[in-house]
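Structure in structure tokens, see below.
Every chain is numbered from 1, with letters handed out A, B, ... down the list of sequences. Any value given below was found using the heavy atoms of this structure, including those in side chains, with hydrogens, waters and symmetry copies removed.
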2 protein chains.
Amino acid sequence: MNEKGISKFRIDLKPTQILVLGFLFLIIVGAILLNLPIATNDGNSIGFIDALFTSTSAVCVTGLVVVNTLEYWSMFGKIVIIILIQIGGLGFMTFATTFFIIMGRKIRLKERLIIQEALNQYSLSGMVRLTKNVLLGTLLIEGIGAVLLSIRFVPKDGAYGIFKAIFHSISAFCNAGFDIVGDSSLSPFIGDIIINITIMLLIILGGLGFTVWIDILRVLKQKFENKWNLKSTFRKFTLHTKIVLVLTFSLIVIGFVFFFILETTNPDTLGNLSMKNKILGSLFQAVTPRTAGFNTMPLADMTHGSKFMTIILMFIGGSPAGTAGGVKTVTMGVIILTVISGIRGKERTEAFERTIPEDIIKRALAVITIGITVVITVTMILSVTETGSFMDILFESVSAFATVGLTLGLTGSLTTIGKIVICITMFIGRLGPLTMAVALSMRARSKASMKKPDEKVMVG
Amino acid sequence: MNEKGISKFRIDLKPTQILVLGFLFLIIVGAILLNLPIATNDGNSIGFIDALFTSTSAVCVTGLVVVNTLEYWSMFGKIVIIILIQIGGLGFMTFATTFFIIMGRKIRLKERLIIQEALNQYSLSGMVRLTKNVLLGTLLIEGIGAVLLSIRFVPKDGAYGIFKAIFHSISAFCNAGFDIVGDSSLSPFIGDIIINITIMLLIILGGLGFTVWIDILRVLKQKFENKWNLKSTFRKFTLHTKIVLVLTFSLIVIGFVFFFILETTNPDTLGNLSMKNKILGSLFQAVTPRTAGFNTMPLADMTHGSKFMTIILMFIGGSPAGTAGGVKTVTMGVIILTVISGIRGKERTEAFERTIPEDIIKRALAVITIGITVVITVTMILSVTETGSFMDILFESVSAFATVGLTLGLTGSLTTIGKIVICITMFIGRLGPLTMAVALSMRARSKASMKKPDEKVMVG
Ligand SMILES: [K+]
Ligand SMILES: [K+]
């Protein structure tokens with residue numbers, strides 16, 4: 001195996017395969033590091049299965065944990081976890097590009113293609129620029145988030161509070177859901193406005209996707225010169241941005257109203273709280289399933305209805321090309337629009353005066369069908385291997401697939417088979433819809449004739 | 001309101017509206033009859049909500065019951081129920097046609113259109129002939145079924161055994177799931193080969209759909225002269241028949257293997273039975289969720305995995321234009337084929353050397369999306385109004401939507417709101433996918449260019 005042989009091997013791999021192998025490599029490196037005795041507080045190795053589980057959960061920005069992150073892991077362990085989250089959240093390939101840029105190496109077409117796949121982008125041009133912008137934007141937002149969180153953490157913990165603020169800022173922005181607060185996620189902060197608002201904004205921004213940020217910035221830059229007007233500003237957005245913004249907003253509102261109504265009289269969750277905290281708690285519970293994984297309410301004590309709503313929100317997830325998981329808002333949007341167009345007797349799927357191309361619809365269908373199939377299969381396997389109610393098992397399966405990280409308590413009692421199944425599910429959940437979308441985006445599109453102009457949206 | 005006024009009123013209604021109103025009228029007539037004191041054994045009226053529930057369950061061939069059919073209803077009540085099942089199973093419009101034929105009235109185009117909608121057919125020609133054949137076929141099969149069931153029932157119950165045989169033959173063929181055996185469906189017959197085989201064949205034949213029978217008869221007639229050969233016979237079938245047969249067979253085999261493996265060691269279900277009875281029990285449990293509603297195993301004692309598999313089989317249901325409910329085998333088949341074609345990079349959905357038209361794919365997508373939406377909504381409402389585990393509630397919702405009639409025990413304890421919700425769900429489940437398919441089949445199809453020849457299949 002000389003340099004040339006390795007190089008040849010690389011060239012023969014398809015970009016999607018490189019992406020999959022990259023994530024796999026990162027997970028294994030993470031598992032090896034977390035398996036070291038210095039990674040834990042008691043100085044004993046956690047054992048490979050649990051190290052693998054934690055590494056997968058971090059790289060796939062899921063947040064399901066078999067041990068209490070605060071108490072179990074040493075400072076070294078915590079730093080490994082947050083680095084895995086940051087790399088996993090931004091995507092292996094964005095990082096590889098950054099590496100190439102830093103090394104001053106010229107980006108070849110082949111590598112550009114890989115980055116394109118990693119970001120699920122549809123134009124080759126400006127890829128490097130995009131990657132730079134994404135990195136800068138990420139650091140900027142995470143930085144602001146960390147400063148805001150410091151207001152709460154530094155007075156209490158001093159210098160360690162800064163680490164805590166950075167950790168939670170990264171974890172929230174990457175929709176990772178890991179926390180170093182205690183054993184009940186962010187529950188101690190259910191009524192804390194600064195923590196709630198900061199974390200929610202980080203989650204939402206991370207979940208919107210890079211392309212949406214860039215589109216919003218583009219429109220804002222144009223608008224800077226002209227008079228401000230919400231309606232005409234919205235009209236300037238790409239179809240993708242419009243669908244993402246409408247669905248993100250709608251899902252948060254629906255979730256908020258739903259959780260508020262169902263939990264406001266539940267003494268185990270919001271029943272005994274003040275109105276302010278009820279509103280804050282419901283809002284947070286509406287934001288976190290998509291797909292942050294923090295919680296301020298005790299999830300296992302929620303009503304059946306709220307648990308089921310959480311499952312649905314988790315499955316939908318965030319938006320494409322961001323840090324969120326799930327089948328994605330746009331995917332769901334395309335399916336809903338297609339069904340509505342069908343019922344109205346329209347031959348094409350239309351949204352905001354645009355037609356959504358047929359191949360995008362089929363891609364959306366594929367992503368959702370495969371998503372449902374994965375969830376059903378995993379639920380079926382866990383039904384056999386694990387003890388726990390059906391709700392607990394379904395919740396855990398969807399949480400892993402959509403890389404959410406919320407649990408009704410099953411994670412702690414998983415069997416070894418269960419842990420391996422959840423690991424694979426998190427991996428499929430993080431890479432599956434993405435690579436699906438990539439593989440399917442290579443398809444030839446049917447020719448358009450006599451219809452409104454096409455505009456692409458991303459799904460999956 | 002003179003004769004002319006009523007006639008004008010009729011003409012202004014769309015065919016689908018007539019279908020919906022027809023079913024509604026039948027349900028209300030049934031509810032009024034079942035509300036009479038003579039309908040019950042104790043001579044007291046059951047009360048309107050429960051009469052309405054039973055009538056809806058019978059007309060929509062569901063089989064969910066709030067009272068024990070055998071013990072609660074008088075002979076009059078039982079006859080009303082079985083007539084409602086027969087009319088509901090064959091479809092209101094088939095019956096209307098028959099009525100017209102019997103009255104010697106000429107069938108006008110308008111009425112032909114209604115029958116076409118009721119049967120979800122795609123050709124106007126031969127509609128009357130079809131209806132006649134469907135009725136004759138139904139009577140023939142139900143007659144043979146009743147004779148076979150009499151072998152078991154008559155020695156035990158004498159003349160009443162004949163009624164019992166007819167009742168269960170109709171109930172099985174119409175996929176209705178009502179029984180007059182006792183309070184645990186067909187559990188007493190778990191090891192009875194005659195009952196099991198007869199009921200299973202009736203369920204499967206009823207669930208295949210009229211068009212498949214007619215296609216099979218057509219091919220068999222052609223084949224009568226030539227040499228018999230399974231492969232070349234299969235090739236002569238329409239695409240619709242091929243998909244129905246392959247999926248029906250596959251789902252039964254998958255279900256059988258699944259239930260056998262999961263329940264063979266479960267002491268509460270198959271654990272203590274002989275190998276013959278284990279096989280018979282598993283096979284019956286694979287057939288009944290699609291969408292017969294009888295059971296020989298105690299459902300509530302099954303493992304989580306088996307309950308979940310039952311939910312999936314119930315949701316898929318039987319085949320179009322038959323007595324079965326659910327989203328239908330072909331609908332699921334079209335979606336799976338589309339996803340597979342997409343993954344393989346094919347631009348069109350192909351099956352058995354044919355292309356499935358785009359509008360059929362969208363119709364399938366609409367039926368399944370609406371189906372999932374209904375199930376989610378109903379589950380959500382029942383989660384709030386009923387007490388019971390999430391599994392019980394989800395199972396009940398899918399059972400009502402797919403007009404299956406299996407229950408884990410929730411039906412008996414439903415609140416009034418719960419009963420009304422289940423009534424509406426059964427009604428939507430019976431008419432929704434059908435009328436959806438009808439409404440969408442009116443859509444213009446996009447022009448085909450440079451592809452394999454189109455062939456229609458029915459979905460929903
Ligand atoms: K997460
Ligand atoms: K039924």
### Task
Could you tell me which portion of B:L262 (side chain, backbone, both or neither) has an atom closer than 4.5 angstrom to a non-hydrogen atom of chain A?
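Just its side chain gets close to chain A.
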### Message
Just so I understand: if I count every heavy-atom pair under 4.5 Å between each of B:I376, B:L382, B:I393 and chain A, which residue has the most?
### Response
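Greatest number of close heavy-atom pairs with chain A: B:I376.
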### Leading residue by heavy atom contact count with chain B [cutoff under 4.5 Å; candidates A:T373, A:L365, A:I361, A:I368]
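Heavy-atom pairs under 4.5 Å are most numerous for A:L365.
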### Query
Taking the side chain from B:T379 and the backbone from B:V375, do they hold a donor-acceptor pair closer than 3.5 Å?
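Looks like yes, one N/O pair under 3.5 Å.
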### Task
Name the region of B:T303, side chain, backbone, both or neither, that has any atom closer than 4.5 Å to a heavy atom of chain A.
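Contact with chain A: none, neither part.
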### Task
Return yes if a side-chain donor-acceptor contact under 3.5 Å exists between B:E396 and B:T411, otherwise no.
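Yes - a donor-acceptor pair under 3.5 Å links their side chains.
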### Query
If we only count heavy atoms from C-beta on, is the B:L299 to B:T407 side-chain gap below 4.5 Å?
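A side-chain contact is absent here, since even the closest heavy-atom pair is not under 4.5 Å.
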### Query
So, do B:T264 and B:F259 sit near enough that their side-chain heavy atoms are less than 4.5 Å apart?
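A side-chain contact is absent here, since even the closest heavy-atom pair is not under 4.5 Å.
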### Task
Look at the side chain of A:T331 and the backbone N and O of A:V327, then say whether any donor-acceptor pair between them is shorter than 3.5 Å.
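Checking the backbone N and O of A:V327 against the side chain of A:T331, a donor-acceptor pair under 3.5 Å is found.
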### Message
Given heavy-atom pairs under 4.5 angstrom as the criterion, report whether the side chain, backbone, both or neither of B:I381 touches chain A.
### Response
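Neither; nothing under 4.5 Å.
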### Message
Please classify the contact of B:I372 with chain A as side chain, backbone, both or neither, using a heavy-atom distance under 4.5 Å.
### Response
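The side chain, not the backbone.
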For a quick test of your reading: what N or O donor-acceptor pairs under 3.5 Å do the side chains of residues 415-422 of chain B make, sequence neighbours left out?
| residue | atom | partner | partner atom | Å |
| --- | --- | --- | --- | --- |
| B:T415 | OG1 | B:E386 | OE2 | 2.5 |
| B:T415 | OG1 | B:G418 | N | 3.0 |
| B:K419 | NZ | B:D50 | OD1 | 2.8 |

### Query
Measuring heavy-atom distances to chain A, does B:L394 have an atom under 4.5 Å in its side chain, in its backbone, in both, or in neither?
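Interface part for B:L394: side chain.
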